[in-house]
Amino acid sequence: MPSDLDTEYSPSSVARHPRRSLRLYRERGAAARDRLRVEESVPYGDEPGERCHLFPAGASGSPALVFVHGGHWQESGIDDACFAAENAVRHGLAYVAVGYGLAPERTLPDMIASVERALVWIADRGPSFGIDPDRMYVAGSSAGAHLLACALADPATPRVRGALLLSGLYDLTEIPETYVNDALGLTRETARDYSPLWMPAPRCDAVLLAAGRYETRTYLRQQRAYEARLAGSDLPVVSQVVPDRDHFDLPLDLADSETGFGRLSLDRLGRVTPTS
């Protein structure tokens, strides 16, 4: 029987329709890959999981939205991470879905290093796909938000314009006491080492933190703690708990001008001004 701590680190325990949301990730991503120009499974590194799906915006010198998927560092992949591509391209953004390999085959530092390599690769090779490396934005959900926060704390990682971090975990010190650690194998010490709460602030111009209203108390508490950490570093940060959204359906609003959070995300991406 799951412990209380296991339940707190299980977003599906409070989400409304997680299976429906996961199905929509795959369906919308497949539609985007069918309808848009896309460079599929482009290698950005030597590891098997270091691949990305890249959707050019159609104009030279376009800004880019780079998305890093979630899945407790042990599930999902780039085929499930293309759901926002059509929205992004519609608003003049190239879209890059980044894979990084999964536990237990890969360790947490391996994954962080992969995300760092992906950002370096996009900054270096992006112009050949019409991307302006000086107008790169990043977004990540759940484990993806954590990996981006870690990667952007490294001074060797290219600075980005903005980071949109959705439903992230920023303090991993309880993870060794949960079922999530069966694949990760963290100790309490290594969990702290890879916790953004104790890392330098992300190297970007501004951060948007967001979580759905239907999250566990732990996810909402961690967002508040990371907001305070970033505010104390003088990095501009906006934090929002989005009504009528949960851990799984919130990412589906990304860059969607038909939703309130989607308009806020587009505003942070320099595309539109939100109307609500």
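The structure presented is a predicted model; accordingly, all values stated were derived computationally and were not measured.
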Before you tell me yes or no, could you show the steps for Q240 and L209 under side chain to side chain contact (heavy atoms under 4.5 Å, CB included), namely the whole-Å CA-CA distance, both residues' side-chain angles and the distance that decides it to 0.1 Å? CA-CA 6 Å; Q240 184 172 89; L209 301 175; over 6 Å; no
Check: When you look at M111 and T107, which way does the side chain to side chain contact (heavy atoms under 4.5 Å, CB included) test go after all the steps?
Finding: CA-CA 6 Å; M111 297 179 222; T107 67; over 6 Å; no
**Asked** Passes side chain to side chain contact (heavy atoms under 4.5 Å, CB included), R224 versus S239? Steps please.
**Response** CA-CA 8 Å; R224 291 192 298 271; S239 181; over 6 Å; no
- Task: Under the ring pair (Phe, Tyr, Trp, His ring centres under 6.0 Å) rule, what do H146 and Y170 come out as? Steps first, then yes or no, please.
- Result: CA-CA 6 Å; H146 164 267; Y170 308 104; 7.9 Å; no
Could you walk me through whether R16 and D249 satisfy the salt bridge (charged side-chain N to carboxylate O under 4.0 Å, His left out) test, starting with their C-alpha distance in whole Å, then the side-chain angles of each, then the deciding distance to 0.1 Å, before giving a yes or no? CA-CA 9 Å; R16 286 85 48 84; D249 59 13; 2.7 Å; yes
Practice task
Check the pair V138 / L152 against side chain to side chain contact (heavy atoms under 4.5 Å, CB included), numbers first and verdict last.
Solution key: CA-CA 10 Å; V138 298; L152 291 172; 3.9 Å; yes
Point to revise | Derivation and outcome, side-chain hydrogen bond (donor to acceptor under 3.5 Å, both in side chains), residues T190 and D193 | key: CA-CA 5 Å; T190 57; D193 289 342; over 6 Å; no
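Salt bridge annotation for R161-D134: absent, with no cationic side-chain nitrogen under 4.0 angstrom from a carboxylate oxygen. Between R33 and E40 a salt bridge is recorded (basic side-chain N to carboxylate O distance below 4.0 Å). A salt bridge links D205 to R159: one of the charged nitrogens lies within less than 4.0 Å of a carboxylate oxygen. R51 has no carboxylate O lying under 4.0 Å from a charged side-chain N of E39, or vice versa, which leaves the two without a salt bridge. The pair R245-D253 counts as a salt bridge, with a side-chain nitrogen and a carboxylate oxygen less than 4.0 angstrom apart.
The nearest pair of heavy atoms linking L102 to S76 is CD1-O, 3.3 Å. Minimum interatomic distance between F83 and P251 (heavy atoms only, all atoms of both residues): CE1-O, 3.2 Å. When all heavy atoms of E177 and L5 are compared, the pair lying nearest together is CB-CD2, 3.7 Å. Here the shortest heavy-atom pairing between R263 and S257 reads NH1-O, 2.9 Å. Residues S142 and G70 come closest through the heavy atom pair CB-CA, 4.2 Å. Closest approach of E50 and G45 over heavy atoms only: OE1-CA, 3.1 Å.
By the 4.5 Å heavy-atom criterion applied to side chains, I122 and P133 are not counted as neighbours. Two residues are said to be in side-chain contact when any heavy atoms from C-beta on lie closer than 4.5 Å; L169 and I175 meet this criterion. For the pair D256/F261, no side-chain contact is recorded, criterion being any heavy-atom separation below 4.5 Å from C-beta on. Within the 4.5 Å cutoff, no side-chain heavy atoms of D132 are placed close to those of P63. You'll find the side chain of L166 stays beyond 4.5 Å of the side chain of L208, heavy atoms only. Proximity of L108 to L186: side-chain heavy atoms (C-beta onward) are separated by under 4.5 Å at one or more points. Under the 4.5 Å side-chain criterion, counting only non-hydrogen atoms from C-beta, R229 is in contact with S233.
Residue D182 places its CG atom among more than 12 non-hydrogen atoms of other residues, nucleotides or ligands, all under 6.0 Å distant. Within a 6.0 Å radius of CZ in R37, other residues, nucleotides and ligands contribute 12 heavy atoms or fewer. Summarising the local packing, CZ of R23 is surrounded by more than 12 heavy atoms from other residues, nucleotides or ligands at distances under 6.0 Å. The environment of OH in Y194 is sparse: at most 12 heavy-atom neighbours from other residues, nucleotides or ligands sit within 6.0 Å.
Although no hydrogens or angles enter the test, the distance criterion places no donor-acceptor pair under 3.5 Å between the side chain of N181 and the main chain of L184. Side chain of D154 to main chain of A151: no donor-acceptor pair is present (N/O by atom type, distance under 3.5 Å, no hydrogens or angles). Between the side chain of S3 and the backbone N or O of D6 there is at least one donor-acceptor pair closer than 3.5 Å.
For the atom pair CZ of R268 and CG of L164, the computed distance is 8.5 Å after rounding to the nearest 0.5 Å. Between atom CG of residue L235 and atom SG of residue C204 there is a gap of 5.0 Å, rounded to the nearest 0.5 Å. Between atom CG of residue D246 and atom OG of residue S21 there is a gap of 5.5 Å, rounded to the nearest 0.5 Å. Atom CH2 of W121 and atom OG of S114 lie 14.0 Å apart (nearest 0.5 Å). Atom OH of Y219 sits about 10.0 Å away from atom CD of E8, to the nearest 0.5 Å. If you take CG on L119 and OH on Y44, they are separated by 9.0 Å, rounding to the nearest 0.5 Å.
Ring geometry for Y100 versus H69: interplanar angle under 30°, hence parallel rather than tilted (30 to 60°). In this pair, H72 and Y179 present their aromatic rings perpendicular. The plane angle is above 60°, beyond the 30 to 60° band.
Connection of Y95 to L147 is not established within any shared hydrophobic cluster, with ILVMFWY side chains joined at heavy-atom distances below 4.5 Å, either directly or through further cluster members. Grouping the Ile, Leu, Val, Met, Phe, Trp and Tyr side chains by contacts below 4.5 angstrom, directly or via other members, places I78 apart from M136. Put simply, L269 and L36 are part of the same group of oily side chains (I, L, V, M, F, W, Y) that touch within less than 4.5 Å, one to the next. No continuous path of ILVMFWY side-chain contacts below 4.5 Å connects V120 to V68, so the two sit in separate hydrophobic clusters. There is a path of hydrophobic side-chain contacts, each under 4.5 Å, that joins L148 to W198.
Contacts of H53 classified as ring-ring contact (aromatic ring centres under 6.0 Å, His included), with partners at least two apart in sequence or in another chain: none.
In this structure, Y214 has its ring center no closer than 6.0 Å to that of H247.
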